[in-house]
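To start, the structure itself, in C-alpha cells.
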Amino acid sequence: MPEGDTIHRHARNHRDLFVGRNVAASSPQGRFSAGASHINGKRLEAVEAVGKHLFYTFEKRLMLHVHLGLVGSFRTHRTIERPAPSRGTRLVLSAGDAAAYLTGPMKCELLDRIEVHRLKEWLGPDPLDPEADVGEFASNLATRTGPIGAVLLDQDVIAGIGNVWRAELLFLCHIDPDTPANELTSGQVDCLWTHAVTGLQHGVEVGQIETVTPQAIGLPKGTQLRPSDKRYVYKRGGHGCLLCGAEIAVSRHGGRALFYCPQCQDPLKAQ
DNA sequence: TCAGTATGGGTAG
DNA sequence: TACCCCTACTGAT
C-alpha cells in the first residue's frame, strides 16, 4: 500500500540486499520475461526512490523502473527456504539467501537513461530527498489555482504524497481542502512541507503512516494507541476528531475520498 | 464463488 | 468525470 515512505523503505531494503551483487531475475507470470532476461545475472549498482517511483541501475546502464500503483507490492524473503512465488508474480529478484517478489505493479519496465531523466525532471520535489527544499514546492503551488485538496496529489507538485498523507498533512496544518493552492500563505506552505518531511521520514523508519502521538492528544508519552487512532482523519469519517470532537467529514477531491475535520480545518478559524 | 475495496495513475469523452 | 487496469484480501451468498 504504497506512498513515498513505503517506496523509500523498499529502496533501502533492496539496497541492503542486492546492491553490489549479481542478481538473478525472472518473471513467473511471464509478462516481464523479456525484461527479466536482460537483467538476469547482472550486477546491481544502485537503487533509488523518487516519490513513488523506484529505479534500479544494473551494470551496462540497464535501468529498471517500478511503480507499484494502487495494488502493487514487494515481499522480501531473507532465507533460502521461501514460498514459491504466486502465479501472478511479475518479477523475482534474488541473490544468495535474499529474494524480492513483485506483484501487481502498475509499471515494471526497462527504460533508457534519457527516459529516466525525463521522468525525474517531471516529478516535483520529494520530501525524502535531502537536497529538496520548500522553495520548489512553493513555486509549484503558486502556479495552481485548483483546491489544495486535489493539488497535493499531483506528483509534479510534490512527489510521494498519496491519499493518506494529503488528508493528514492538511489536518496537521489546519488547512481547508477547498483553499486554492495559489492562495496558501507561506506559513501554510512551510507547514505542509515540514510535516511532509518529518512524517515521511518517520514512515520510512516504522513502516507505516502514523501521524498522532499520545502527547498531541493529551495522553502520557508511551501510551499505546489503537490502530484506528494513529491517524487524525484518514478513514475516520463519522468518528470524532481526536482534537476537537467534531465529526470527521468526507468529500471528494481529485476523484478520491478526502477525510477532514470541518472544525479544525475551518477556513474562518485559520484567519 | 463472487462482489467490493484499496495508500495510483493513464486515457477517452 | 468515468472508466480501466493491476492483485490480494474480506465478507456476503
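Bear in mind the structure is a predicted one, so any value in this text is a computation, not a measurement.
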Could you tell me whether A:Lys120 and A:Glu48 make a salt bridge, using a distance below 4.0 angstrom between a side-chain N and a carboxylate O? yes

What distance, rounded to whole Å, do you find between the two P atoms, one in C:dA8 and one in B:dG10? 22 Å

Are A:Cys173 and A:Cys191 close enough that their SG atoms are less than 2.5 Å apart? yes

A:Lys235 NZ to B:dG4 C1', in whole Å, measures 12 Å

In whole Å, what is the span from the CZ atom of A:Arg90 to the C1' atom of C:dT7? 10 Å

What nucleotide among C:dC6, B:dG9, B:dT7 has an atom nearest to a side-chain atom of A:His67? B:dG9

Could you tell me the separation between the CD atom of A:Glu109 and the C1' atom of C:dC5, rounded to a whole number of Å? 15 Å

Roughly how many Å is it from CG in A:Asp156 to P in B:dG9, rounded to a whole number? 11 Å

Please give, in whole Å, the distance from B:dG9 P to A:Leu123 CG? 9 Å

Ignoring backbone atoms, establish whether A:Gln208 has a side-chain N or O less than 4.0 Å from OP1 or OP2 of B:dT7. no

Between A:Val151 and the options A:Asn182, A:Thr145, A:Val157, the side chain to side chain contact (heavy atoms under 4.5 Å, CB included) test singles out A:Val157

Among side-chain atoms of A:Ser251 and A:His253, is any donor-acceptor pair under 3.5 angstrom? yes

Verify whether the ring centers belonging to A:Tyr56 and A:His65 lie closer than 6.0 Å. no

Which residue, A:Gly254 or A:Thr103, contacts DNA chain C at a nucleotide closer to its 5' end, judged by nearest heavy atom? A:Gly254

Should A:Thr194 and A:Leu192 count as side-chain neighbours, where that means a heavy-atom distance under 4.5 Å? no

Is A:Glu168 touching bases, backbone alone, or none of the nucleic acid, heavy atoms closer than 4.0 Å? nothing

From the set B:dG9, C:dT7, C:dA8, return the single nucleotide nearest to any side-chain atom of A:Arg75. C:dA8

Indicate whether OP1 or OP2 belonging to C:dA8 is found under 4.0 Å from a side-chain N or O atom of A:Ser86. yes

For the side chain of A:Gln155, counting heavy atoms from C-beta on, which of B:dT7, C:dC6, B:dG9 is nearest? B:dG9

A:Trp165 has an atom CH2; how far is it from atom C1' of B:dA6, in whole Å? 18 Å

Would A:Thr103 and A:Ser73 count as a side-chain hydrogen bond (donor to acceptor under 3.5 Å, both in side chains) here? Give the steps. CA-CA 5 Å; A:Thr103 57; A:Ser73 72; 3.2 Å; yes

Under the side-chain hydrogen bond (donor to acceptor under 3.5 Å, both in side chains) criterion, do A:His239 and A:Glu247 qualify, and how do the steps go? CA-CA 5 Å; A:His239 291 80; A:Glu247 193 170 288; over 6 Å; no

Take atom CZ of A:Phe171 and atom C1' of B:dT7, then tell me their distance rounded to the nearest Å. 19 Å

Dot-bracket for DNA chain B, 5' to 3', counting Watson-Crick or G-U wobble pairs under 3.5 Å, with [ ] for crossing pairs and | for inter-strand pairs? ||||||.|||||.

Is the phosphate of C:dC6, meaning OP1 or OP2, less than 4.0 Å from a side-chain N or O of A:Arg31? yes

P atom, B:dG9 versus C:dC9: distance in rounded Å? 22 Å

Between CD1 of A:Ile161 and C1' of B:dT7 the distance, given in whole Å, is 11 Å

Short side-chain N/O contact from A:Lys52 to OP1 or OP2 of B:dG9, under 4.0 Å: yes

